[in-house]
Amino acid sequence: MILSYNRSTEKERSINMVKQAEFIKSITDIKDAPELKLPEVVLIGRSNVGKSSFINAFTNRKSLARVSQTPGKTITLNYYLINNEMYLVDAPGYGYAKRSKEMKAQFSHMIIDYLEMAPDLEIVFLFVDFKVGPTKDDIEMYHAILESGMKVIVVATKKDKVKRSQHVKHEKMIKEKLTHVEKLIVTSSETKEGFNLIYEEIKGILVHE
């Protein structure tokens, strides 16, 4: 099980939620997805938004996903097997200024193709920076996800980088820019705040005998 409901702190609970995590493969075409069919959760966001840090914190592994000081390193769809019952799929970061227009378009098409063609996709998490707020690229991707017919959950990262007195202001900013947001989860990979809500969303797609 990914979820635990014992009387412990959020950080202590999260330590026990993921028992197994391993990198499976990287692909650039959905036809090359892993043969083992399991529910999939995709992580989408701009370069340097903190997806790799999230994956490492989520899986309690320090270097399962490479955290680079140079944005734009992820150029493939990366599959991570969690508890032998689901995949986390890390999509290429978008919005990296030094990429060519052709490469940016290629990555966008890769993500949209995945959203429209992945038969086992259950949840789309769109990552935005809590401090910066949704960028133009984030807003475009948000609407592209909605147009694909998928429900999107917005995950705001790096809450620990924003002063407590500014939290309400930043939440309001995100909701105003990403209109009609059904669910916003504010998180920190440093403290694992908000992770219990992430696990709650994922629990709903898992079937246990």
Side-chain angles (χ1 to χ4, degrees), residues 1-45 49-68 73-93 107 110-127 145 148-155 157 183 185 187-209:
M1 289 285 290
I2 285 187
L3 282 175
S4 172
Y5 289 104
N6 56 17
R7 293 182 178 180
S8 57
T9 66
E10 181 174 321
K11 186 171 183 179
E12 288 171 339
R13 287 200 306 270
S14 67
I15 290 173
N16 297 318
M17 290 171 187
V18 176
K19 302 297 185 182
Q20 172 270 344
E22 63 178 307
F23 170 74
I24 299 300
K25 68 186 302 188
S26 297
I27 68 170
T28 57
D29 193 310
I30 188 62
K31 72 178 189 304
D32 298 319
E35 293 184 5
L36 178 61
K37 301 304 179 184
L38 294 170
E40 296 178 12
V41 173
V42 67
L43 315 180
I44 298 175
V49 74
K51 291 192 285 94
S52 295
S53 295
F54 171 83
I55 292 170
N56 291 334
F58 179 90
T59 60
N60 307 300
R61 299 274 294 276
K62 291 183 178 180
S63 57
L64 182 64
R66 293 183 180 180
V67 180
S68 175
K73 282 292 186 179
T74 302
I75 58 175
T76 54
L77 290 163
N78 295 330
Y79 281 73
Y80 299 90
L81 179 62
I82 308 298
N83 291 353
N84 291 312
E85 60 184 356
M86 61 164 282
Y87 293 111
L88 277 184
V89 183
D90 185 21
F107 287 172
M110 183 193 305
I111 294 172
I112 298 304
D113 285 348
Y114 171 79
L115 293 174
E116 294 180 346
M117 299 174 62
D120 301 303
L121 177 59
E122 297 286 349
I123 300 176
V124 177
F125 286 124
L126 176 65
F127 283 63
I145 296 170
S148 75
M150 290 296 302
K151 174 184 176 182
V152 56
I153 297 171
V154 178
V155 177
T157 62
K183 186 161 293 188
I185 301 177
T187 68
S188 165
S189 292
E190 291 294 324
T191 66
K192 296 192 178 181
E193 183 174 352
F195 276 42
N196 60 323
L197 299 176
I198 298 289
Y199 295 123
E200 184 68 28
E201 292 294 332
I202 291 175
K203 179 189 176 186
I205 70 170
L206 301 177
V207 178
H208 298 278
E209 296 181 356

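Small disclaimer: the values here were computed from a predicted structure and weren't measured.
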Side chain to side chain donor-acceptor pair (under 3.5 Å) partners of [X], counting only residues at least two apart:
X: E22; value: Q20
X: E122; value: none
X: D113; value: none

Q | Identified side-chain contact (heavy atoms from CB on, under 4.5 Å) counterpart of F125 within the set T187, V42, I198 | A |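 Only one of T187, V42, I198 forms a side-chain contact (heavy atoms from CB on, under 4.5 Å) with F125, namely I198.
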Q) I185 pairs by side-chain contact (heavy atoms from CB on, under 4.5 Å) with which of V154, I153, N196? A) I153
Q) When you measure from the side chain of N83 to the backbone N and O of K19, does any donor-acceptor pair fall under 3.5 Å? A)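 Yes: the side chain of N83 pairs with the backbone of K19.
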[Y] side chain reached by [X] side chain, heavy atoms, under 4.5 Å:
X: V152; Y: I44; answer: no
X: T59; Y: I82; answer: yes
X: K192; Y: N60; answer: yes
X: Y87; Y: L81; answer: yes
X: T157; Y: S189; answer: no
X: P92; Y: T76; answer: no

If you measure from [atom1] on [X] to [atom2] on [Y], what distance do you get to the nearest 0.5 Å?
X: E85; Y: I202; atom1: CD; atom2: CD1; answer: 10.0 Å
X: M117; Y: L121; atom1: CE; atom2: CG; answer: 12.5 Å
X: N84; Y: L36; atom1: CG; atom2: CG; answer: 8.5 Å
X: I55; Y: L43; atom1: CD1; atom2: CG; answer: 5.0 Å
X: K151; Y: I123; atom1: NZ; atom2: CD1; answer: 8.0 Å

Q.
Parallel, tilted or perpendicular: which one describes the rings of F58 and F195, with boundaries at 30° and 60°?
A. tilted
(Q) I need the minimum non-hydrogen distance between N56 and S63, along with the two atoms involved. (A)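 Heavy-atom minimum between the residues: OD1-C, 3.8 Å.
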Q.
Quick check: closest heavy atoms across G93 and K51, and the distance to 0.1 Å?
A. N-NZ, 4.4 Å
Q: Verify the neighbour count for atom NZ of K183: are there more than 12 heavy atoms of other residues, nucleotides or ligands below 6.0 Å?
A: no
Q: Kindly write out the residues that satisfy side chain to side chain contact (heavy atoms under 4.5 Å, CB included) with E35, not counting sequence neighbours, or none if the list is empty.
A: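 E35 satisfies side chain to side chain contact (heavy atoms under 4.5 Å, CB included) with no residue once adjacent residues are dropped.
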(Q) Checking F127 now: which residues fulfil ring-ring contact (aromatic ring centres under 6.0 Å, His included) with it, not counting sequence neighbours? (A) F54
**Q.** Which residues share a ring-ring contact (aromatic ring centres under 6.0 Å, His included) with F23, sequence neighbours left out
**A.**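 F23 satisfies ring-ring contact (aromatic ring centres under 6.0 Å, His included) with Y80 once adjacent residues are dropped.
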Q.
If we check side chain to side chain donor-acceptor pair (under 3.5 Å) with S26, which of these qualifies: N78, D32, D90?
A. N78
